Undergrad: 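Quick one: the structure is below, and I'll ask about it shortly.
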Amino acid sequence: MTVFGATGITAKYGQVTVLDQVDLPILNDNEVLGLLGPNASGKSTLMRCLSGEKSTTGHITIDGRTRADMGHDGWHHRLASMPQSPPNPSALLPTELMWSTARALDLDVSDRELADQIEGIFARLGLSEFALSPLHTLSGGKRQLVGLALALMRDPDVLLLDEPTSALDLHWRMVVLDLVRERLSDRGGVVVAALHDLDLAARYCDQIVLLHGGKIIASGGPQHVLTPANLARVYRVETRVTLDCDGRPLVQVIRPLRDGEAA
Amino acid sequence: MSVGETSLYQRFGTIQKRRVLTVTGLAIGLVAMLALDLWAGPAGLGFGDIVTGLFWPDQLDLRPRIILWDVRLPDALIALAVGAALGLAGIETQTILDNPLASPFTLGVSSAAVLGASLAIVVVPVVPLVGETAVLPVMAMVFALGSGALILMIVRWANGARETVVLFGIALVFLCNALTAGLQYLASAEAIAQIVFWTIGNLTRAGWIEVGLVSACFVCVLPFSLRHVWVMTLLRGGEAHARSMGINVGRLRMWVILRVSVLAAFAVCFVGAIGFIGLVGPHIARLLLGEDHRMLVPGSALCGALILSCASFLSKALIPGVIIPVGILTAVVGVPVFLGLLSGRRHRA
Ligand SMILES: Nc1ncnc2c1ncn2[C@@H]1O[C@H](COP(=O)(O)OP(=O)(O)OP(=O)(O)O)[C@@H](O)[C@H]1O
Ligand SMILES: [Mg+2]
């Protein structure tokens, strides 16, 4: 059982406030929260606050305990995050990256177990044939998958994904999100994912938070958040939203709105 | 998994074994190079004399014994110590600043050492208190460490901006060079000659104390570098990922820059600004060994030592009877090796 909560999150870069008193809904076990919002709305910043990388005035808890309660190692034992940028295209091998991460974090596994674990994760993400190819020879999408593999390696209860599918093709973006859901039903835990794809968000997220200029504009189930009015306000596009046979919203974007134009 | 298909564990193990072999090869090459370096020189000692003199010194005549123990050995060993220190400092600088052009030299450490040494050469006659031979390295060291401290302050102040650190280091290089030029403008012709000679880099000034100091510094720093090999490898995948794992990259950077500055300061203060090794040693090691810092850290130190030792050998062997300052030869030796490896890499790619 994992319950993840984040309230009153305020974050600044220098004097500029980019997140203003953001309250996320409480996430219960097995839930996926989608974080939507236009560029520069503060999604990545919020992710970094949640992971503990960026200091914030808010109150972030896993099962009611804050990072200060759990200690640095305890916190990162339960939470892992995948940053927006994929791993650097250096000559490092994906296996080396995974391996050194496990060792740098003092994961308690033997070499053979570790290798098998890495092999298993790579197999599920379609990276088996690239396991020993330098990162700079991998395509952008494959590198993004390596970044995801890195976050999955710790087998965290709280998984934070910053645009995990932005570079992936149609097949792999669904495989990745299926895998994320499957993992939840297998082992429990919660996921927070920043996404730009509204249909994916509607399909995979239990709750959605719509962020705009560092503030929450709407939050709740996909059908409540993904409305033409909300989307027009936040993304400045005219949309038609229909419900599919499962009652999930399908968003069809018609055209961008011009400055000052209302939907 | 089907039969006949090998597991990742085995395939990765094979790669690791090959790399261990390469490191071993480098170590053996280094011993061979050391032997060559000991043998070369104007006094015409044979290989037999060298072996005898090393293991049974009292069986050797006084003259060859003194040449071996007071001239050849310290020179050869300081080449190893300085080369290894610069190789180690280079790889750590490149990784922590994520910049293939970074080295202890682009941090300004060696230019500061040159400035300190020049100051010692020009001003020393005025300071009567300390012995003249000690003043030069001490001043070089003080300035090198001072530049290290400045860089550390910048690292702290820039708070994560690696480019700022690199740019500041290069600015420091220009400043130190300008001040050195200013000193030269004021100095006598004799002092200028001395400064130039120091700047080129030369191993023949070193004695056992210097060998001991540089080696001790290297030996003290190495365990810290080895303790960080996993995090440094992980950093090659990008700082964002390291940070997201909860690794305090800022603090790591402070530690690494601190030890790199000390290492580089010790390395250059006795022998002069032997350039290039801190830059190319790591690159050669990387081409041979990949990015895993478990191999790369020892490999880079070995490559650094090998290049300098080779340069030291050539400095004596190239023109019989003449010892060319080794600083002139480091690039002459290193560049062809480096280019050869690079083009080999291209053919395979
Ligand atoms: N390191 C930084 N220093 C200063 N300002 C920053 C920094 N990182 C982000 N910002 C600012 O914070 C705001 C939010 O940025 P953030 O990266 O969180 O947006 P985002 O929602 O993730 O955008 P995108 O969809 O483009 O990834 C932006 O205005 C951005 O300019
Ligand atoms: Mg972002």
Side-chain angles (χ1 to χ4, degrees), chain A residues 44 47-48 51-54 67 72-73 75-77 79-106 110-120 122-123 128 131-132 134-137 143 146-147 150-151 153-154 160 162, chain B residues 1-2 5-16 18-19 94-95 98-100 159-160 162 226-252 282-283 285-297 342 345 348-349:
Chain A
S44 299
M47 287 296 196
R48 285 200 290 272
S51 73
E53 185 188 323
K54 184 165 172 56
R67 182 153 167 265
H72 179 270
D73 289 351
W75 181 262
H76 285 280
H77 186 68
L79 174 148
S81 94
M82 171 194 178
Q84 183 171 357
S85 52
N88 282 354
S90 63
L92 197 66
L93 314 177
T95 305
E96 283 173 337
L97 181 57
M98 299 282 277
W99 197 286
S100 57
T101 302
R103 292 304 177 216
L105 299 174
D106 277 330
S110 72
D111 282 359
R112 181 172 283 280
E113 281 165 358
L114 182 56
D116 291 346
Q117 199 180 328
I118 294 171
E119 193 166 23
F122 279 176
S128 298
L132 298 173
L135 281 167
H136 65 76
T137 65
R143 265 192 292 127
V146 172
L150 217 49
M153 189 168 59
R154 294 196 108 176
L160 308 177
D162 196 349
Chain B
M1 188 180 305
S2 64
E5 209 175 303
T6 48
S7 70
L8 184 62
Y9 179 72
Q10 286 163 316
R11 284 184 295 149
F12 192 47
T14 313
I15 292 181
Q16 293 298 337
R18 206 164 55 220
R19 289 176 175 168
Q94 288 177 6
T95 299
D98 191 20
N99 191 324
N159 189 25
R162 302 178 301 255
L226 291 177
R227 209 169 65 97
H228 280 155
V229 284
W230 292 122
V231 200
M232 296 291 270
T233 308
L234 158 58
L235 262 187
R236 295 296 297 150
E239 202 174 315
H241 286 267
R243 284 185 191 278
S244 77
M245 311 270 165
I247 288 164
N248 190 337
V249 180
R251 197 173 56 197
L252 180 70
H283 281 294
R286 198 175 279 129
L287 286 169
L288 291 172
L289 294 163
E291 297 276 4
D292 186 341
H293 279 57
R294 269 182 306 170
M295 305 290 155
L296 204 44
V297 161
L342 266 184
R345 191 43 52 113
R348 251 182 291 157

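Since this is a predicted model, take the numbers as computed values, not measurements.
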Undergrad: Measure distances from Asp111(A) to the heavy atoms of chain B and classify the residue's part below 4.5 Å as side chain, backbone, both or neither.
TA: both

Undergrad: Which one, Ala242(B), Gly13(B), Gly237(B), Gly290(B), leads in non-hydrogen pairs under 4.5 Å with chain A?
TA: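 Most heavy-atom pairs under 4.5 Å with chain A: Gly237(B).
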
Undergrad: Verify side-chain contact (heavy atoms from CB on, under 4.5 Å) between Ser244(B) and Ser51(A), making sure each step is shown before the conclusion.
TA: CA-CA 7 Å; Ser244(B) 77; Ser51(A) 73; 5.6 Å; no

Undergrad: Measuring from Tyr9(B):OH to Glu113(A):CD, what's the distance to the nearest 0.5 Å?
TA: 10.5 Å

Undergrad: Output the distance between atom CG (Leu97(A)) and atom CG (Asp292(B)), rounded to the nearest 0.5 Å.
TA: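 One finds 11.0 Å between CG of Leu97(A) and CG of Asp292(B).
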
Undergrad: Need one label for Arg48(A): side chain, backbone, both or neither, based on atoms under 4.5 Å from any heavy atom in chain B.
TA: neither

Undergrad: How far does CZ of Arg11(B) sit from CD of Glu119(A), to the nearest 0.5 angstrom?
TA: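 One gets 6.5 Å once the value is rounded to the nearest 0.5 Å.
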
Undergrad: Identify which of Pro94(A), Pro87(A), Ala104(A), Ser100(A) forms the greatest number of heavy-atom pairs closer than 4.5 Å to chain B.
TA: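 Of Pro94(A), Pro87(A), Ala104(A), Ser100(A), Ser100(A) has the most heavy-atom pairs under 4.5 Å with chain B.
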
Undergrad: If we define contacts as heavy-atom pairs under 4.5 Å, which of Pro83(A), Ser90(A), Ala115(A) has the most with chain B?
TA: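 Among Pro83(A), Ser90(A), Ala115(A), the one with the most close pairs to chain B is Pro83(A).
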
Undergrad: Using a 4.5 Å cut-off on heavy atoms from C-beta on, say whether the side chain of Ile15(B) contacts that of Thr95(A).
TA: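 Side-chain contact under 4.5 Å: no.
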
Undergrad: State the CG-CZ distance between Asn88(A) and Arg236(B), to the nearest 0.5 angstrom.
TA: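 One finds 7.5 Å between CG of Asn88(A) and CZ of Arg236(B).
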
Undergrad: Taking every heavy-atom pair that is under 4.5 Å apart, which of Gln16(B), Met245(B), Met232(B) has the most such pairs with chain A?
TA: Met245(B)

Undergrad: So which part of Pro134(A) gets closer than 4.5 Å to some heavy atom of chain B, the side chain, the backbone, both or neither?
TA: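 Pro134(A) has no heavy atom closer than 4.5 Å to chain B.
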
Undergrad: Please flag which part of Asn248(B) lies under 4.5 Å from any non-hydrogen atom of chain A: side chain, backbone, both or neither.
TA: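 Contact with chain A is absent: no heavy atom of Asn248(B) under 4.5 Å.
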
Undergrad: Give, for atom CG of Leu105(A) and atom CD1 of Ile247(B), the distance between the pair rounded to the nearest 0.5 Å.
TA: 5.0 Å

Undergrad: Are Leu8(B) and Leu132(A) side-chain neighbours, meaning at least one heavy-atom pair lies under 4.5 Å?
TA: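 Side-chain contact under 4.5 Å: yes.
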
Undergrad: Report which part of Leu93(A) has an atom under 4.5 Å of a heavy atom belonging to chain B: side chain, backbone, both, or neither.
TA: side chain

Undergrad: Counting only N and O atoms by type, is there a donor-acceptor contact under 3.5 Å from the side chain of His241(B) to the main-chain atoms of Ser85(A)?
TA: yes

Undergrad: Measuring heavy-atom distances to chain B, does Ala91(A) have an atom under 4.5 Å in its side chain, in its backbone, in both, or in neither?
TA: both

